[in-house]
Structure formats: C-alpha cells, structure tokens
Amino acid sequence: MDRDSLQNMDVFMLLSLINMKLRDEFDSLNSLCDDYDIKEDEIKTKLRTIGYVYNVDNNQFISE
C-alpha cells in the first residue's frame, strides 16, 4: 500500500484493509502511516467521505 494505491483504491476496500491492519499489525494509526509512509490526514479524509472516523480507543475506523 502506497499513496497511489490509497488514492485509487475503492473506499470500502480501503476501510476494510486499514481496519484489518490496525487490528492485526499496528497499535495505532500513526504507526501504520509511518510504516507505509502515508499521511494520516489522507486516510482520514478519504474514509470521512463515507462517514468513518478514527477512534483512538478502539484503534479502528468507526461509523460517525
């Protein structure tokens, strides 16, 4: 996953992929973004378009 694939990926596929990686591999969105060299705001903005926001306590994107 890189910036190009992030921008071109279906937003629902992105949601699924990000939440899976947060659940299985990363303890925070920040660590995921650091590992993939992606800006948090890019992910947050894209997922906000379908009504999802990052919840720090759950370490998942959840519906608003």
Side-chain angles (χ1 to χ4, degrees):
M1 182 171 60
D2 57 22
R3 183 169 285 117
D4 288 336
S5 65
L6 169 72
Q7 291 173 341
N8 295 319
M9 187 178 294
D10 174 80
V11 70
F12 291 101
M13 293 295 290
L14 178 66
L15 172 64
S16 179
L17 177 66
I18 294 293
N19 275 344
M20 179 191 66
K21 290 199 171 285
L22 289 171
R23 181 189 68 231
D24 296 342
E25 299 176 33
F26 296 97
D27 62 356
S28 70
L29 180 59
N30 185 45
S31 62
L32 180 145
C33 290
D34 284 346
D35 197 59
Y36 286 100
D37 194 29
I38 298 172
K39 294 180 182 177
E40 281 187 46
D41 287 342
E42 292 178 19
I43 294 173
K44 288 179 177 179
T45 299
K46 185 147 183 161
L47 294 180
R48 194 174 299 121
T49 65
I50 58 168
Y52 280 77
V53 294
Y54 180 64
N55 180 283
V56 176
D57 295 331
N58 294 336
N59 190 35
Q60 293 283 293
F61 279 87
I62 60 172
S63 181
E64 288 185 285

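In this text the structure is predicted, and so the values were computed from the model without any measurement.
For the atom pair CG (Leu29) and CG (Leu47), the distance works out to 9.0 Å, reported to the nearest 0.5 Å. The structure places NZ of Lys44 at 15.0 Å from OG1 of Thr49, a figure rounded to the nearest 0.5 Å. In this structure, CD1 in Ile18 is found 9.0 Å from CZ in Phe26, a value given to the nearest 0.5 Å. The structure places CG of Asn30 at 10.5 Å from CG of Asn59, a figure rounded to the nearest 0.5 Å. Distance check: Leu22 CG to Leu17 CG gives 9.5 Å after rounding to the nearest 0.5 Å.
Applying the salt bridge (charged side-chain N to carboxylate O under 4.0 Å, His left out) definition to pairs two or more places apart or across chains, those involving residues 25-38 are Lys21-Glu25.
The two atoms that bring Arg23 and Gln60 nearest to each other are N-NE2, 3.5 Å, heavy atoms only. Considering every non-hydrogen atom in both Lys39 and Cys33, the closest pair reads C-SG, 4.2 Å.
A single hydrophobic cluster is seen to contain both Ile38 and Ile50, as judged by linkage of ILVMFWY side chains at heavy-atom distances under 4.5 Å, directly or through other members. Under the 4.5 Å side-chain heavy-atom criterion for Ile, Leu, Val, Met, Phe, Trp and Tyr, Val56 and Ile62 are members of distinct hydrophobic clusters. Put simply, Tyr54 and Met20 are part of the same group of oily side chains (I, L, V, M, F, W, Y) that touch within less than 4.5 Å, one to the next. Under the 4.5 Å side-chain contact rule for hydrophobic residues, Phe61 and Phe12 share a cluster. In the hydrophobic clustering of this structure, Val11 groups with Leu15; members are Ile, Leu, Val, Met, Phe, Trp, Tyr whose side-chain heavy atoms approach within less than 4.5 Å, directly or through other members.
Between the side chain of Lys46 and the backbone N or O of Met9 there is at least one donor-acceptor pair closer than 3.5 Å.
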